[in-house]
Amino acid sequence: MEIKADTTVCIGAGMCALTVPKVFDQSEDEGTVVLLQDDVPQELEDAVRRAVTLCPSGALSVS
């Protein structure tokens with residue numbers, strides 16, 4: 001699984017960082033999403049999919 005984050009549409013809600021803090025963080029300057037890992041370990045895939053669905057701006061996607 002590969003994650004993509006579009007920081008141009010991220011509104012900094014932080015749902016991703018709250019859901020999977022091992023994978024997502026927020027920029028201290030702008031509050032937008034920061035990917036801590038591009039490739040997700042298998043054990044975190046379900047949590048990442050949940051974070052993607054919770055993102056209110058649609059800034060996250062997985063492939």
query: Apart from V9 itself, which Ile, Leu, Val, Met, Phe, Trp or Tyr residues share its cluster (side-chain heavy atoms under 4.5 Å, direct or through members)?
result: none
query: Do M15 and C55 have side-chain heavy atoms sitting under 4.5 Å apart?
result: no
message: To check you understand the geometry: which heavy-atom pair defines the closest contact between S57 and C10, and what is its length?
response: OG-CA, 3.7 Å
message: Test of understanding: with salt bridge (charged side-chain N to carboxylate O under 4.0 Å, His left out), list the residues that count as partners of D6, not counting sequence neighbours.
response: none
- request: Decide yes or no for Q42 and M1: does some side-chain heavy atom of the first lie under 4.5 Å from some side-chain heavy atom of the second?
  value: no
query: Just wondering, do L54 and C16 contact through their side chains at under 4.5 Å, heavy atoms?
result: no
- request: Rounded to the nearest 0.5 Å, what's the gap from CZ on R49 to OG1 on T19? Could you check?
  value: 14.5 Å
Give the table of side-chain donor-acceptor pairs shorter than 3.5 Å for residues 24-37, with sequence neighbours excluded, one pair per line with atom names and distance.
from: Q26; atom 1: NE2; to: G12; atom 2: O; distance (Å): 3.1
from: Q26; atom 1: NE2; to: G31; atom 2: O; distance (Å): 2.8
from: S27; atom 1: OG; to: D29; atom 2: N; distance (Å): 3.2
from: S27; atom 1: OG; to: E30; atom 2: N; distance (Å): 3.2
from: Q37; atom 1: NE2; to: K22; atom 2: O; distance (Å): 3.0

task: Please check if L44 and V62 belong to a single hydrophobic cluster, counting links between Ile, Leu, Val, Met, Phe, Trp and Tyr side chain heavy atoms closer than 4.5 Å.
output: yes
